[in-house]
Amino acid sequence: MNIQLNGQARPLSHPLTVLELLADEGLAERRVAVEVNGQIVPRSRHGEHLVQDGDLVEIVHALGGG
């Protein structure tokens with residue numbers, strides 16, 4: 001299956017939850033906003049929301065600085 005992750009094609013061997021996808025991207029411990037097909041997925045649903053073939057996923061994380 002294939003998804004678009006932040007505008008780039010990304011093959012997946014099987015459906016993943018948003019939480020699993022974040023872990024694969026090294027972002028599981030970061031505070032991020034996740035949008036799937038134009039809809040925000042609340043953090044409370046990251047462990048249950050499955051990413052499906054053809055989904056458009058955007059992950060945004062805040063950068064600290066000063």
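Please read all numbers here as calculations on a predicted model, not as lab measurements. Computed from heavy atoms alone, side chains included, the values below leave out hydrogens, waters and symmetry copies.
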| task | Could you pull out all residues at least two apart from Arg10 that satisfy side-chain hydrogen bond (donor to acceptor under 3.5 Å, both in side chains)? | result | Glu25
| What residues form a side-chain hydrogen bond (donor to acceptor under 3.5 Å, both in side chains) with Glu58, not counting sequence neighbours? | none
| field | Set of residues satisfying side-chain hydrogen bond (donor to acceptor under 3.5 Å, both in side chains) with respect to Gln8, sequence neighbours excluded | value | none
| field | Closest heavy-atom pair and its distance - Ala28, Ala23 | value | CB-CA, 3.8 Å
| query | Among all residues two or more places apart in sequence or in another chain, which pass the salt bridge (charged side-chain N to carboxylate O under 4.0 Å, His left out) test with Glu48? | reply | Arg45
| For Ile40, side chain to side chain contact (heavy atoms under 4.5 Å, CB included) partners two or more places apart | Glu35
| request: Check Arg30 against Arg43 and note the closest heavy-atom contact, atom names and distance. | output: O-NH1, 3.7 Å
| For Asp24, what residues pass the side-chain hydrogen bond (donor to acceptor under 3.5 Å, both in side chains) criterion, not counting sequence neighbours? | none
| said: If hydrophobic residues (ILVMFWY) are linked whenever their side-chain heavy atoms come closer than 4.5 Å, directly or via other members, who joins Leu56 in its cluster? | reply: none
| request: May I ask you to list the residues sharing a hydrophobic cluster with Leu5, side-chain cutoff 4.5 Å, ordered by chain and number? | output: Met1, Ile3, Leu12, Leu16, Val18, Leu21, Leu22, Leu27, Val32, Val34, Val36, Val41, Val51, Val57, Ile59
